[in-house]
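Residue numbers start from 1 in every chain, and the chains themselves are labelled A, B, ... in the order their sequence lines are given, proteins ahead of strands.
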Amino acid sequence: MIETVRTRFAPSPTGYLHIGGARTALFNYLLAKRLGGKFLLRIEDTDRTRNIAGAEQKLLDDLRWLGLQWDEGPQVGGPAGPYCQSQRLERYAEHARRLLDEGLAYYAFETRAELDAMRTAARQSGERGFRYPRPKSFPAEADAQKARDAGRPAVLRFKMPERDFVIHDQILGDVDVAASELSDFVIVKNDGWPTYHFAVVVDDFHMKITHVLRGQEHLLNSANHMALQEAFGYPTPAYAHLPIIFTMKGGKMSKREKDTVVRDAVKTSGLADDQAMELAGLIDADSYAAWKKSKTQLEAESLQRLASGLGVALPEIDIHDFRKSGYLPEVLVNFIALLGWSPGDDREKMTLSELCELFGVERVGKKSARFDRDKLLSFNTTALEAASTERKLAAFRDYLSVNEAGPLTGLDDALLERLMKLCAGFRTFSDIVTKCAALFAPDESLQYDPKAVKKWLLKGERPGLKVLGELRQALQGLDDWSPQNLDTFIRAFAEQRELGLGKVAQPLRVATTGTTISPQISDTLALLGRERTLARIDRALKQIVAS
RNA sequence: GCCCCCAUCGUCUAGAGGCCUAGGACACCGGCUUUUCAUGCCGGCGACAGGGGUUCGACUCCCCUUGGGGGCGCCA
């Protein structure tokens with residue numbers, strides 16, 4: 001009988017799904033679909049200190065948003081559940097018991113500080129990395145209790161076989177791991193919870209996982225896992241270690257990139273420390289100093305506050321970031337698929353179902369892939385252009401739903417559709433917002449971009465202001481406020497004064513939107529309506545002349 | 001420091017010894033379209049890291065060097 005292919009994605013609930021995780025999830029999903037198997041989702045929440053409330057739900061939402069629905073896992077169930085490791089503790093305990101009874105695991109009582117000291121010493125003196133010194137004889141159960149009573153930690157370590165391992169990797173080929181590189185690693189923590197290495201082996205077996213696709217940073221871990229599988233008599237799944245995703249600068253793409261961007265912005269802005277701290281809403285000068293020296297990361301909210309205070313945009317890292325920026329999920333899926341994989345020809349644009357047909361581990365490369373935001377943007381632009389109105393409308397609504405309420409939030413479908421038409425060529429939904437938000441904001445809140453005002457209204461002899469005044473008068477007499485008529489009117493006006501259209505449109509645009517960016521001017525005015533257009537021009541005339 | 005992985009245009013990649021004068025996409029540069037922004041269209045620039053082998057022949061195979069990256073947790 002041919003074994004059913006079963007893959008899994010096993011994130012830990014520490015935040016939103018990020019690009020690297022999404023790629024891993026996607027490849028596992030594709031492999032399962034390609035081979036007619038099942039894709040499972042498992043939550044690895046064995047680190048109680050790192051678990052973040054609500055993160056699991058976010059993870060699931062992001063996965064679903066991408067269209068990567070799991071066949072078994074949280075919220076859908078399945079025969080191998082529960083699918084949260086925190087709900088499978090008895091199983092790990094049984095397995096630990098088994099190893100302990102067979103003399104394949106033993107208690108260890110070092111504190112973290114002691115271990116740190118041992119590691120430092122090992123790294124300084126020896127050429128080898130640190131290996132935990134296995135005791136001649138293993139402590140008894142009673143010793144563990146004694147240690148705990150004395151306030152010492154008690155963990156369980158696995159007795160690593162003294163031999164080399166060969167990882168048969170479907171992407172990298174055979175990778176040798178020397179015995180000297182392996183050590184008696186911890187399988188049960190002091191709090192009684194399993195470590196990742198331990199839980200993953202137990203669960204992958206009981207969930208009948210046949211293929212494990214994960215990031216290359218896990219490569220050497222596989223030896224640990226194989227040793228454990230051997231100890232339990234469990235088969236080793238097929239391994240495939242995916243190339244790491246880099247930032248354009250090189251180096252693993254991680255949330256840290258956000259810190260880097262803001263840190264650099266703080267430095268170039270020359271902002272004083274106390275001002276920066278106030279912006280970020282921080283009170284602890286020491287932790288701020290540590291952050292500034294790249295030693296720590298700021299928590300998301302402070303980072304966001306600091307970034308917007310400095311007027312810099314945080315780079316998108318999490319899938320949710322891209323969603324908020326107005327990317328299409330199908331584009332993200334398409335683009336992420338190309339990070340380390342290619343169909344083998346010049347084809348680049350593919351839907352999820354096409355990917356399901358085409359995907360294969362054989363075509364996954366070994367080289368790490370840089371995440372090229374420009375190319376993603378281009379993909380999004382093209383896809384948006386090609387998408388049906390219904391699709392775009394739904395996506396636009398989704399975009400608005402994940403962004404804080406703005407001027408466009410309450411608009412009806414007809415209006416949103418109209419905006420998309422007027423903004424043809426937009427690259428993300430955010431483009432539409434930047435282009436149209438001013439039109440739906442209250443007149444009083446209008447901000448004038450000083451540069452735009454200077455260039456189009458105040459420069460030289462102020463021809464712009466003069467034109468605007470004349471325009472105001474002429475517009476006053478115009479009753480048919482349709483875009484067509486406005487267009488005719490503006491063209492005629494320009495022709496009459498022998499002015500280029502820009503000389504007419506730009507002063508109008510600045511006066512009515514405060515910026516040089518908006519839909520075509522006739523549409524801009526039509527959208528605004530007669531009264532508001534005139535009111536805005538009056539307001540501009542008054543404010544700018546006064547300045 | 002030690003171990004492991006990787007190496008084709010700036011970036012993602014095609015290339016499985018002769019198909020390569022190395023193809024595509026993004027970026028970039030130039031031009032066109034244009035009332036702003038953004039699209040769109042046309043054209044251009046642009047790579048086999050270096051050195052040794054193997055072979056009639058190497059981008060493709062082997063070795064070394066160099067460069068890049070990852071791992072070395074009671075994180076996953």
Looking at the base of B/U39, is there any donor atom on it, or on the side chain of A/R427, that sits under 3.5 Å from an acceptor on the other one? no
How is A/N380 classified with respect to the nucleic acid when contacts are heavy atoms under 4.0 Å: base, sugar-phosphate, or nothing? nothing
Hunt down the Watson-Crick or G-U wobble partner of B/C28, both distances under 3.5 Å, from any strand shown, or write none. B/G44
So, OP1 or OP2 of B/U36: does either fall under 4.0 Å of a side-chain N or O from A/K503? no
Base, sugar-phosphate, or nothing for A/S378, non-hydrogen atoms under 4.0 angstrom? sugar-phosphate
Under 4.0 Å: is that the gap between some side-chain N or O of A/R112 and OP1 or OP2 of B/C75? yes
Below 4.0 Å: OP1/OP2 of B/A14 and any side-chain N or O of A/R363: yes
On RNA chain B, compare the nucleotides closest to A/P243 and A/G250; which residue's is nearer the 5' end? A/P243
Expressed as a whole number of Å, how far does the C1' atom of B/U60 sit from that of B/A7? 14 Å
Check whether any side-chain N or O of A/K455 sits under 4.0 Å from OP1 or OP2 of B/U36, and answer yes or no. no
Using OP1 and OP2 only, check whether a side-chain N or O of A/K252 sits under 4.0 Å from B/G71. yes
In terms of side-chain heavy atoms of A/L220, which of B/C4, B/U35, B/C74 is nearest? B/C4
Return the nearest nucleotide to the side chain of A/R123; candidates are B/C72, B/G68, B/U35. B/C72
Residues A/R42, A/D204: salt bridge by 4.0 Å N-O rule: yes
Pairwise C1' distance for B/U55 and B/C63, with rounding to whole Å: 16 Å
Need one value for A/R214: base, sugar-phosphate or nothing, where a base atom within 4.0 Å counts as base even if backbone is also close, heavy atoms only. nothing
Looking for any heavy atom pair under 4.0 Å, which part of the strands does A/H218 touch: base, sugar-phosphate only, or nothing? base
No-H, no-angle donor-acceptor pair, A/K375 side chain to B/A25 base, under 3.5 Å: yes
Below the 4.0 Å mark, does B/C75 have OP1 or OP2 next to a side-chain nitrogen or oxygen of A/R48? no
Any base atoms under 4.0 Å from A/T49, or only sugar-phosphate, or nothing? Heavy atoms, all strands. nothing
Does a side-chain N or O of A/R347 approach OP1 or OP2 of B/G24 to a distance below 4.0 Å, or not? no
Side-chain N,O (A/K366) to OP1/OP2 (B/C6) below 4.0 Å: yes
Watson-Crick or G-U wobble mate for B/C59, both contacts under 3.5 Å: none
Closest non-hydrogen atom pair between A/R163 and A/L182, with its separation: O-CD2, 4.2 Å
Identify whether any heavy atom of A/L172 sits under 4.0 Å from a base atom; if not, whether one sits that close to sugar-phosphate; answer base, sugar-phosphate or nothing. sugar-phosphate
Choose from B/G70, B/U13, B/A25 the nucleotide whose nearest atom is closest to any side-chain atom of A/I244. B/G70
Any strand is fair game: report the nucleotide pairing with B/C9 by Watson-Crick or G-U wobble, both distances under 3.5 Å, or none. none
Looking for any heavy atom pair under 4.0 Å, which part of the strands does A/G344 touch: base, sugar-phosphate only, or nothing? sugar-phosphate
Does B/A76 have its OP1 or OP2 closer than 4.0 Å to a side-chain nitrogen or oxygen of A/T46? yes
The side chain of A/Q520 lies closest to which of these nucleotides: B/A25, B/C75, B/U36? B/U36
Just to be sure I understand the rule, does A/V155 reach a base, reach only the sugar-phosphate, or reach nothing, if contact means heavy atoms closer than 4.0 Å? base
Please classify the nucleic acid contact of A/G500 as base, sugar-phosphate, or nothing, using heavy-atom distances under 4.0 Å. nothing
Do A/T236 and A/Q229 pair up side chain to side chain, a donor and an acceptor below 3.5 Å, judged on atom types alone? yes
Check: A/R131/A/S180 side-chain N/O donor and acceptor closer than 3.5 Å: no
Phosphate OP1/OP2 of B/C12: any A/K367 side-chain N/O under 4.0 Å: yes
Are A/N221 and A/Y196 close enough that a side-chain donor and a side-chain acceptor fall under 3.5 Å? no
Of B/C5, B/A25, B/G24, the nucleotide closest to the side chain of A/Q216 is B/C5
Length of the CG-C1' vector between A/D345 and B/G15, whole Å: 12 Å
Ignoring hydrogens and geometry beyond distance, is a side-chain donor-acceptor pair present between A/T14 and A/R50 at under 3.5 Å? no
With a 3.5 Å limit on both atom pairs, tell me what B/C72 is paired to, counting Watson-Crick and G-U wobble, or say none. B/G1
Using 4.0 Å as the upper bound for N to carboxylate O, is an ion pair formed by A/E316 and A/R373? yes
Nearest to the A/S12 side chain among B/C74, B/G69, B/A76, which nucleotide is it? B/A76
Please determine if a side-chain N or O atom of A/R50 lies less than 4.0 Å away from the OP1 or OP2 oxygen of B/A76. no
